[in-house]
Amino acid sequence: MENILELQNLSKSYPKSDFTLDQISFSLPYGSILGFVGENGAGKTTTIGCILNTIRKDSGTVKLFGKEMGDGDTDIREKIGVVYDGDNFPGFWTAGQLSKVMAGLFKNWDQALFQKYMEDFQLPVKQKIKHYSKGMTMKLAIAAALSHHPQLLILDEATSGLDPVMRDDMLDVFLEFVQEENHSILLSSHITSDLEKVADYITFIHKGRLILTAPKDDLVYRYAVMRCRESQFQAVDREDILAYRKRDTQIDVLVADGREAKRKYKDVVVDHTSVDEIMLLLAKGERV
Amino acid sequence: MRGLFRNNFYATLLGAEAFTGIALLVGVFVVAMDNAIPSLIIGYMLLVMIGFSLNSIASIRKESATKWGKYKLTVPVRKRDIVISFFASQLLWLAVGIVFAGVGIALSIALHGNPFDRNTDIFMLFVLGIGISLFMGAIFFPLYFLGGEERNEVILVVSLLGGIGVIMGLTTLINIMYPGNMTTWQTVMSGIFMMACGAASFTVSVPLSVGVFQRKEY
């Protein structure tokens, strides 16, 4: 069993909104972080909802730890830690009360570990959660998600709204978590710089469709953007073009192999690219 | 289930603390007053039994203010258990209300004597309080899961009025069946019948609510 999470042709439609999650397939290997990227409304949260069974899928399969998770599979949910964006817990609770509730829900709840995270994150245990700042509530949610010794963390926009310093702290926590080879993280975000720092794989969805899933290093080190003039663009082999976008007199062309492009198109400027630029070209650019 | 009960307890706690304070103040006043006219003690008994139950079910709304309702589905509990915990919590708070009502009437009788013509009247007051609470819960939960959090207030009002309405309907039915003065036996049996109806509807409401909740998406 190589993958902690596997999605095969996952589909879900909402007739009232015309949104359809269309045949999403990707997998998350053990010991790795998968960055799940897409613009707002792309379908990231719907996909996560289908994974966690908070939303009923129309078709396809979702396997967690090699098994499809039903409502009765509480043993699987023992091994999953979840963090949603925003307020995960009732504001009238204190962190101490949260801990007591969680201790009654998770067999492996580790009170000492939770206390350690509270100290490390400098969170007051007796203060009501509604008086926490946004950053503090996210830290608390991450502490709670980690304190029952999960193997899989599912983070839905867990770093959005945090300042860069705090985000960096959280990314360090995530990297430490995946030091264990049977631990993995599905990190949904539209902050691509975070994913570039920590992700091993990037999966990109756009308007409910899977656009790309690839190792991050391939995207950062192999993918490239050719800055073409119109005449140069016409000379480019169509099969080399993943996507292109016209910007005034320049046409940016996304290619899968930058070295090959440099060798093949000597008069064209070929730049290294970022996940952010790849996402923009795939989302807003045109396909051949 | 332990975690779910704690969750429900914390959700209910603030309201329950405030209501307990009110119940104690009103209780002291009612017990201190002469009970020759028993309307005060009748009102008090119904208030505490229905009030604690109502606070319990009204507290569910607090979960919708955050993502906790959705988060709870990702923890190792079954959806069925989440729903059952709500019903069980209401029963526990109803029991608290019954204790308050029992202590109130006991102290009132101890200080001022029995204000009722017949001892079965006290029994019937408990039947009314418990019956209204059970019917209220039986109506509230499936409607809440069906209608969503945004309709919570109207569902709460409909449930309370529905509970009162069903009890009034059953009382009318019993009065039609037994016109004129009822014997003690008939009164007790009528009370047991009303409680049994409340308990049956509460019990039937559990799988109904579970069914609705399991179809719900977050």
Side-chain angles (χ1 to χ4, degrees), chain A residues 12 14 45-46 48-57 64 69-94 96-109 128-130 137 141 144-145 148 150 152-154 156-158, chain B residues 1-19 55-56 58-86 88-89 92 145 148-150 152 206-207 209-218:
Chain A
K12 170 73 184 176
Y14 293 95
T45 299
T46 303
I48 288 174
C50 291
I51 293 169
L52 292 170
N53 262 349
T54 60
I55 295 172
R56 271 174 291 125
K57 61 183 188 285
L64 286 154
M69 182 173 73
D71 184 41
D73 292 312
T74 54
D75 53 329
I76 294 179
R77 289 201 288 279
E78 287 277 359
K79 296 189 278 190
I80 302 173
V82 177
V83 178
Y84 289 116
D85 179 25
D87 299 325
N88 285 259
F89 310 114
F92 54 87
W93 284 0
T94 63
Q97 289 176 325
L98 165 67
S99 176
K100 284 178 184 164
V101 172
M102 290 301 203
L105 294 171
F106 288 96
K107 284 180 197 160
N108 295 328
W109 181 258
K128 286 195 173 176
I129 296 170
K130 67 182 173 189
T137 57
H148 58 90
L152 172 62
L153 273 186
I154 296 182
D156 188 6
E157 304 284 3
Chain B
M1 284 292 265
R2 204 158 40 97
L4 292 174
F5 280 123
R6 277 187 191 148
N7 167 61
N8 298 345
F9 176 73
Y10 289 139
T12 313
L13 189 60
L14 281 177
E17 280 174 351
F19 191 74
N55 177 56
S56 168
S59 301
I60 296 183
R61 157 188 70 80
K62 291 181 183 172
E63 291 192 353
S64 63
T66 62
K67 294 207 169 92
W68 177 240
K70 177 176 167 180
Y71 192 104
K72 218 161 52 169
L73 299 179
T74 71
V75 303
V77 291
R78 294 174 181 212
K79 289 180 178 175
R80 182 177 57 110
D81 293 336
I82 293 173
V83 174
I84 288 171
S85 77
F86 286 132
S89 292
L92 286 174
F145 294 131
E149 298 84 4
E150 61 271 23
N152 175 66
V206 174
S209 302
V210 169
V212 174
F213 188 64
Q214 281 178 331
R215 282 168 184 76
K216 205 168 161 58
E217 294 188 329
Y218 283 87

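So that the names make sense, note that chain A is the first sequence line, chain B the second, and so on, each numbered from 1.
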Verdict with reasoning, B:Y218 to A:I55, per side chain to side chain contact (heavy atoms under 4.5 Å, CB included): CA-CA 6 Å; B:Y218 283 87; A:I55 295 172; 6.0 Å; no

Largest heavy-atom contact set with chain B, pairs under 4.5 Å, which of A:G72, A:G49, A:G70: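 Option with the greatest count: A:G72.
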
B:R78 (side chain) donor-acceptor with A:D71 (main chain) under 3.5 angstrom: no

Between [atom1] on residue [X] and [atom2] on residue [Y], distance to nearest 0.5 Å:
| X | Y | atom1 | atom2 | answer |
| --- | --- | --- | --- | --- |
| B:Q214 | A:R56 | CD | CZ | 10.0 Å |
| A:I48 | B:K70 | CD1 | NZ | 8.5 Å |
| A:F92 | B:L13 | CZ | CG | 9.5 Å |
| B:T74 | A:I51 | OG1 | CD1 | 12.5 Å |

Does any backbone or side-chain atom of [X] lie under 4.5 Å from a heavy atom of chain A? Answer side chain, backbone, both or neither.
| X | value |
| --- | --- |
| B:L14 | side chain |
| B:R215 | both |
| B:K216 | backbone |

Ion pair B:E217/A:K12, N-O distance below 4.0 Å: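 Here B:E217 pairs with A:K12 in a salt bridge, since their nearest N and O are under 4.0 Å apart.
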
Distance flag, aromatic centroids of A:F89 and B:Y71, threshold under 6.0 Å: yes

Minimum heavy-atom distance B:T66-A:D87, with the two atoms named: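 So the two residues come closest at CB-O, 3.5 Å.
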
Criterion side chain to side chain contact (heavy atoms under 4.5 Å, CB included) on B:V77 and A:T74, from CA distance to verdict: CA-CA 6 Å; B:V77 291; A:T74 54; 5.5 Å; no

Derivation of the side chain to side chain contact (heavy atoms under 4.5 Å, CB included) call for A:Q97 and B:R6: CA-CA 9 Å; A:Q97 289 176 325; B:R6 277 187 191 148; over 6 Å; no

Side chain to side chain contact (heavy atoms under 4.5 Å, CB included) assessment of B:L73 paired with A:N53: CA-CA 8 Å; B:L73 299 179; A:N53 262 349; over 6 Å; no

Side-chain heavy-atom pair B:W68, A:V101 within 4.5 angstrom cut-off: yes

Pairwise side-chain contact, B:K62 with A:P90, heavy-atom cut-off 4.5 Å (strictly under):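 The answer is no; the side chains never approach within 4.5 Å.
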
